[in-house]
Colleague: 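Dropping a structure here in structure tokens format, bear with me for questions.
Just so you know, ligand 1 is whichever comes first in the structure, and atom 1 is the first atom listed for that ligand. Below, each value reflects all heavy atoms present in this structure, side chains not excepted, and no hydrogens, waters or symmetry copies. Starting from 1, each residue takes its place in the sequence as its number.
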Amino acid sequence: MRITAYSVRPDEEALFAAAAARLGIELVTTPQRPTLDTAHLAADSQGVSVITTPIRADLLAVWRGYGVQAVSTRTVGYDHMDLDAAGKLGIRMSNVSYTPWTVAEHTVMAMLMCLRRTKLVMRRYEAQDYTLKAVRGRELRGRTVGIVGTGAIGCSVAELLSSFGCTLLAHSRSRNPRLEGLAEYVSLDELLGKSDIVTLHLPAVPGSEALMNAQRLARMKEGAILVNTARGPLVDTDALIDALESGHLGGAALDVITGEGPVHYRDFKGKIPPVRAMSVLQAMPNVLMTPHTAFFTDEAVGDMINYSLQSLKAAALGEEDRFFLN
Ligand code: COI
């Protein structure tokens, strides 16, 4: 069985090789992204592993012509995959899961860094300014944190924060029993009005776009911090910039941002990145920006590769797999 893996980074190569050997897969890896120009690299492959590049109908049709039966994204989110088109072409689509602690720990780190004004402290240190001007922080202990979205990552964040002595509020479409005795489920309005920190852990699905719009940002407490390690489109970026510029919000930590696709994971040193909001936010001393790295640990990357190849193998053999999306 032959599988082609696209957008393979050097740090993934050895893990891919080991997983392919274990699963008896003939593997072709390429650092190139999957596009119409690179579609031929998957010729004669039964499965294709991709990461964040949009996978649209035209590309799927070309792959189908090459004999591709299944496409797996090495991500939890699959908003970049056209499931309808894949269904019509008879292509099986799948995603993966990975340890939720990776994103949960990054989220808590981002909260602490915002509260302790670490970006400003480190910028000052770089400039050999060791004064204490405007860098006095706040403790996480005793803060009220609002968790929006209580799936595996939201619950892991809650469990970590409970050991910090935070009061936890939660809002989600359905209640997760893991939060029993740990967090109180409330309406989104109440959560926004009472939380010192609001953290988002929802997928980007129709209806969740601009969940944090101008009205909802205005409902947040004066000086509160917004953390988004989920998906960029959940936040109206312009409204967030307004809320930070007016001083209503005390800070933000963004691992994701609308329009990040052509920017994140590329080197723009000495160039002007095409998403203006990124430069505006990066200039703010109270905004922590990271390029969608909350997922990036040894543990998570191993899971991503193993589950992606396992699910492609299952699809090619006509077996079941828990990650099939269609
Ligand atoms: C995901 O797995 O959904 C992520 O956000 C990580 C990724 C885009 C590399």
Side-chain angles (χ1 to χ4, degrees), residues 5-13 15-16 19 29-35 48-56 71-83 93-110 147-157 199-206 208-209 211-212 227-235 237 253-267 275 278 288-312 321-326:
Y6 283 89
S7 311
V8 174
R9 302 179 308 268
D11 68 275
E12 290 179 303
E13 286 285 4
L15 293 165
F16 259 118
T29 62
T30 172
Q32 304 214 61
R33 292 183 162 75
T35 63
V48 166
S49 176
V50 301
I51 192 155
T52 48
T53 311
I55 305 299
R56 303 209 177 92
V71 178
S72 156
T73 178
R74 306 190 293 281
T75 56
V76 175
Y78 50 87
D79 41 303
H80 54 297
M81 310 261 278
D82 189 338
L83 296 189
M93 301 287 251
S94 55
N95 68 340
V96 295
S97 75
Y98 47 86
T99 155
W101 299 105
T102 280
V103 178
E105 287 182 7
H106 178 105
T107 302
V108 174
M109 173 192 76
I147 300 168
V148 185
T150 57
I153 296 175
C155 286
S156 302
V157 169
T199 183
L200 307 179
H201 300 289
L202 303 162
V205 290
S208 67
E209 204 161 292
L211 173 84
M212 294 307 293
V227 179
N228 188 8
T229 55
R231 282 293 181 266
L234 297 174
V235 177
T237 313
L254 305 177
D255 189 51
V256 288
I257 186 163
T258 299
E260 69 181 47
V263 186
H264 282 170
Y265 313 142
R266 288 173 168 85
D267 188 352
V275 182
M278 287 173 68
L288 182 76
M289 303 287 286
T290 45
H292 208 145
T293 51
F295 80 98
F296 199 40
T297 61
D298 292 348
E299 293 80 359
V301 173
D303 286 351
M304 288 161 125
I305 290 168
N306 285 322
Y307 291 140
S308 182
L309 292 188
Q310 267 171 41
S311 134
L312 291 170
D321 188 75
R322 66 187 165 118
F323 294 116
F324 290 159
L325 298 167
N326 63 350

Colleague: Would you call the rings of His292 and Tyr265 parallel, tilted or perpendicular if under 30° counts as parallel and over 60° as perpendicular?
Modeller: tilted

Colleague: What protein heavy atom sits nearest atom 8 (C) of ligand 1, and how far away is it?
Modeller: Thr52 CG2, 3.3 Å

Colleague: What protein heavy atom lies closest to atom 1 (C) of ligand 1? Include the residue and the distance to one decimal.
Modeller: Tyr98 OH, 3.2 Å

Colleague: Which of the atoms of ligand 1 are close to Arg231, meaning less than 4.0 Å from one of its heavy atoms?
Modeller: 1 (C), 3 (O), 4 (C), 5 (O)

Colleague: Which atoms form the tightest heavy-atom contact between Thr102 and Ala300, and what is the distance?
Modeller: OG1-CB, 3.8 Å

Colleague: Among protein heavy atoms, which sits nearest to atom 7 (C) of ligand 1, and what does the distance come to when rounded to 0.1 Å?
Modeller: Thr75 CG2, 3.6 Å

Colleague: Of the non-hydrogen atoms in Asn326 and Met93, which two are nearest, and what is the gap between them?
Modeller: OD1-N, 2.8 Å

Colleague: Search all heavy atoms of Thr73 against all heavy atoms of Ile51 and return the closest pair with its distance.
Modeller: OG1-O, 3.0 Å

Colleague: Between Phe323 and Tyr307, does the ring centroid distance fall short of 6.0 Å?
Modeller: yes

Colleague: Indicate yes or no: does an N/O atom of Arg74 lie under 3.5 Å from an N/O atom of ligand 1?
Modeller: no

Colleague: Could you list the atoms of ligand 1 found under 4.0 angstrom from a heavy atom of Val76?
Modeller: 1 (C), 2 (O), 3 (O)

Colleague: Compare all side-chain heavy atoms of Glu260 with those of Ile257 and state whether any distance is below 4.5 angstrom.
Modeller: yes

Colleague: For ligand 1 and Gly77, I'd like to know whether there is a polar contact (N/O to N/O, distance under 3.5 Å).
Modeller: yes

